Undergrad: 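The structure is given below, and queries will be raised subsequently.
Every chain is numbered from 1 and lettered A, B, ... according to where its sequence line falls, protein lines coming before strand lines. On a predicted model such as this, the values are computed, not experimentally measured, just so you know. Scope of the values below: all heavy atoms of this structure, side chains included, with no hydrogens, waters or symmetry mates.
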Protein chains: 2
Amino acid sequence: MSTPADPGARLGAELSDAVVMFHEALGALMGLSAADNKALGVIRREGPMSARELADRTGLTAGAVTGLVDRLEHAGYARRTRHETDRRRLVIEATAPASPQVNEAVAEMARAMGRVTEQFSPDELLVVARWVELTTATMREQAVRTAARTA
Amino acid sequence: MSTPADPGARLGAELSDAVVMFHEALGALMGLSAADNKALGVIRREGPMSARELADRTGLTAGAVTGLVDRLEHAGYARRTRHETDRRRLVIEATAPASPQVNEAVAEMARAMGRVTEQFSPDELLVVARWVELTTATMREQAVRTAARTA
DNA sequence: CTAAATGATTTAGTGAACTAAACCATATCG
DNA sequence: CGATATGGTTTAGTTCACTAAATCATTTAG
């Protein structure tokens with residue numbers, strides 16, 4: 001796991017590590033705990049959902065979700081709305097971060113990645129895109145399988 | 001941030017997301033909290049270090065580090081040794097996970113990534129490796145810059 | 001229309017991990 | 001050698017997010 005022999009695996013581990021580090025740093029800048037950040041990821045990934053759904057996705061109880069959404073809302077990363085037809089339900093949705101600090105960090109990352117992209121020809125970028133897509137699918141699948149082992 | 005217009009950025013965001021998801025799933029399988037998992041990452045990345053150094057790296061107090069290392073050690077992911085010459089100091093080092101569950105999850109991920117690699121020619125893999133290296137360096141740098149904004 | 005079910009919040013109590021400070025062991029300095 | 005500094009652990013007390021259960025509002029079923 002730590003610096004495997006296979007050079008491909010080593011590169012992958014280092015990239016993965018760097019990704020996680022950036023993610024953690026951004027979460028800290030946003031003032032979110034790891035758990036809250038993870039929940040926000042769920043909302044962003046799967047779109048607006050009710051409190052019950054969010055509870056199921058995160059493994060929390062209904063009461064804990066109330067507090068969680070309070071914090072996200074107060075920090076300006078999510079919003080509560082009433083459901084159109086069923087007025088018991090909430091619609092919890094992610095909002096664009098209001099903090100200039102956060103937006104600037106994201107923008108700077110985008111620019112930095114732009115400078116990486118610049119160094120590849122269109123043909124090369126197609127190869128990279130193909131690899132990124134396959135890798136993303138693989139990681140997603142392995143994440144699901146690994147999560148299933150925990151249960 | 002959520003599904004940006006630029007296709008390159010969107011792919012990057014999705015990869016990053018998948019990486020984080022796998023990392024979280026593996027941490028859960030290891031029975032580690034996000035904070036403990038992060039600390040273990042520090043030890044793995046920077047090698048053996050004293051409790052004081054680990055406290056500085058994680059931003060915890062000395063007392064908290066005692067508890068942290070207790071948990072990591074008990075779960076079988078780290079080990080305490082006495083420092084060779086200075087017997088006040090600890091040497092805290094990461095150990096290979098003993099859990100077959102964890103090792104199998106890691107091995108399965110390695111096999112899955114191997115199947116991705118198979119689908120590229122040697123020339124293409126050189127391109128991918130170049131991209132991965134540049135991206136890793138960029139993410140690391142941005143992680144540091146972003147962390148600095150928080151302080 | 002009433003009764004039961006469902007969605008979210010509130011409340012009370014718990015547990016885990018944190019800080020600050022006291023403490024022991026070892027090392028360094030005058 | 002004695003005084004002071006440093007590394008790690010222990011202790012007491014605090015904080016914070018969690019669960020379980022009670023509660024209120026709304027919807028669905030009989």
Side-chain angles (χ1 to χ4, degrees), chain A residues 24 27-28 30-43 46-95 150-151, chain B residues 24 27-43 46-95 147 150-151:
Chain A
E24 282 167 354
M30 293 171 80
L32 295 178
S33 74
D36 287 6
N37 199 8
K38 182 177 172 181
L40 181 56
V42 170
I43 303 171
E46 311 197 13
M49 64 182 67
S50 73
R52 182 103 290 280
E53 277 177 278
L54 186 54
D56 292 340
R57 295 290 182 186
T58 54
L60 296 174
T61 59
V65 167
T66 297
L68 164 67
V69 178
D70 281 348
R71 291 189 299 276
L72 290 180
E73 193 168 40
H74 187 260
Y77 302 117
R79 181 172 44 191
R80 273 180 173 94
T81 324
R82 282 279 150 201
H83 192 276
E84 285 284 310
T85 61
D86 186 342
R87 285 183 309 184
R88 290 169 306 182
R89 283 192 223 182
L90 289 182
V91 176
I92 301 163
E93 50 192 340
T95 58
T150 302
Chain B
E24 282 168 354
L29 183 63
M30 294 170 80
L32 295 177
S33 75
D36 287 5
N37 199 8
K38 182 177 171 180
L40 181 56
V42 170
I43 303 170
E46 311 196 12
M49 63 182 67
S50 73
R52 180 103 294 281
E53 278 177 277
L54 186 54
D56 292 340
R57 295 290 180 185
T58 55
L60 296 174
T61 58
V65 167
T66 297
L68 164 66
V69 177
D70 281 348
R71 291 190 299 276
L72 290 181
E73 194 168 40
H74 188 260
Y77 301 117
R79 181 172 45 192
R80 273 179 173 96
T81 324
R82 283 277 149 201
H83 192 277
E84 285 285 310
T85 61
D86 185 342
R87 284 184 309 185
R88 290 171 306 182
R89 284 193 219 181
L90 288 183
V91 176
I92 301 163
E93 51 192 340
T95 59
T150 302

Undergrad: Regarding B:Ser50, tell me which of base, sugar-phosphate or nothing describes its non-hydrogen contacts under 4.0 Å with the strands shown.
TA: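 The residue B:Ser50 makes sugar-phosphate contact but no base contact.
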
Undergrad: Can you find a pair of side-chain heavy atoms, one from A:Leu32 and one from A:Leu72, that are under 4.5 Å apart?
TA: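 Yes. Closest side-chain heavy atoms under 4.5 Å.
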
Undergrad: Using atom names, set out every protein N or O paired with an N or O of nucleotides 27-30 of chain D below 3.5 Å, distance rounded to 0.1 Å.
TA:
residue, atom, partner, partner atom, Å
D:dT27, OP1, A:Thr85, O, 3.3
D:dT27, OP1, A:Arg87, N, 3.0

Undergrad: How close do A:Arg89 and A:Arg82 get, heavy atom to heavy atom, and via which atoms?
TA: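 What the structure gives for the nearest pair is O-NH1, 3.7 Å.
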
Undergrad: For the atom pair CD (B:Glu46) and CG (B:Leu54), what is the distance rounded to the nearest 0.5 Å?
TA: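 So the CD of B:Glu46 and the CG of B:Leu54 are separated by 9.5 Å.
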
Undergrad: Tell me: CG of B:Leu90 to C1' of C:dC24, nearest whole Å?
TA: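 Roughly 14 Å, once rounded to whole Å.
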
Undergrad: Can you tell me how far P of C:dG7 sits from CD of A:Glu53, to the nearest Å?
TA: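 Roughly 10 Å, once rounded to whole Å.
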
Undergrad: What is the nucleic acid contact for A:Arg80, judged by heavy atoms within less than 4.0 Å: base, sugar-phosphate only, or nothing?
TA: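 The answer is sugar-phosphate, as A:Arg80 gets under 4.0 Å only of primed atoms, P, OP1 or OP2.
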
Undergrad: Taking all atoms of both residues into account, what is the closest heavy-atom pair of B:Ala94 and B:Leu40, and its distance?
TA: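 Nearest heavy atoms, B:Ala94 then B:Leu40: CB-CD1, 4.2 Å.
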
Undergrad: CE of B:Met49 versus P of D:dG7: gap in Å, rounded?
TA: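 Atom-to-atom, B:Met49 to D:dG7, this comes out as 15 Å.
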
Undergrad: In this structure, how many angstroms lie between the P atom of C:dA17 and the NZ atom of B:Lys38, rounded?
TA: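 One finds 16 Å between P of C:dA17 and NZ of B:Lys38, rounded.
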
Undergrad: What string of B, S and - do you get for nucleotides 18-23 of chain D, 5' to 3', when a contact is any protein heavy atom under 4.0 Å?
TA: SB----

Undergrad: With side chains defined as the heavy atoms from C-beta onward, is the minimum distance between A:Glu93 and A:Thr81 less than 4.5 Å?
TA: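 When only atoms from C-beta onward are counted, A:Thr81 and A:Glu93 do touch, with a gap below 4.5 Å.
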
Undergrad: Could you state the interatomic distance from CD (A:Glu24) to CG (B:Asn37), rounded to the nearest 0.5 Å?
TA: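 If we round to the nearest 0.5 Å, A:Glu24:CD and B:Asn37:CG are 8.0 Å apart.
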
Undergrad: Working to the nearest 0.5 Å, report the span between OG1 of B:Thr66 and CZ of B:Arg71.
TA: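 Answer for the OG1-CZ pair, B:Thr66 versus B:Arg71, is 10.5 Å.
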
Undergrad: Once you round to the nearest 0.5 Å, how far does CG of A:Leu90 lie from CZ of A:Arg79?
TA: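 Answer rounded to 0.5 Å: 13.0 Å.
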
Undergrad: Could you report the tightest heavy-atom contact between B:Thr58 and B:Ala39, atom names first, then the distance?
TA: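 That closest heavy-atom pairing would be CG2-CB, 4.1 Å.
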
Undergrad: Grab the CG-P distance between B:Asp70 and C:dA17 for me, whole Å please.
TA: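 In whole Å, C:dA17 P and B:Asp70 CG are 11 Å from each other.
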
Undergrad: When the distance from NE2 of A:His74 to C1' of C:dT9 is rounded to whole Å, what number comes out?
TA: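 Between C1' of C:dT9 and NE2 of A:His74: 18 Å.
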
Undergrad: Using atom CG of B:Leu72 as one end and atom P of C:dA17 as the other, report the distance to the nearest whole Å.
TA: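 Result: 11 Å.
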
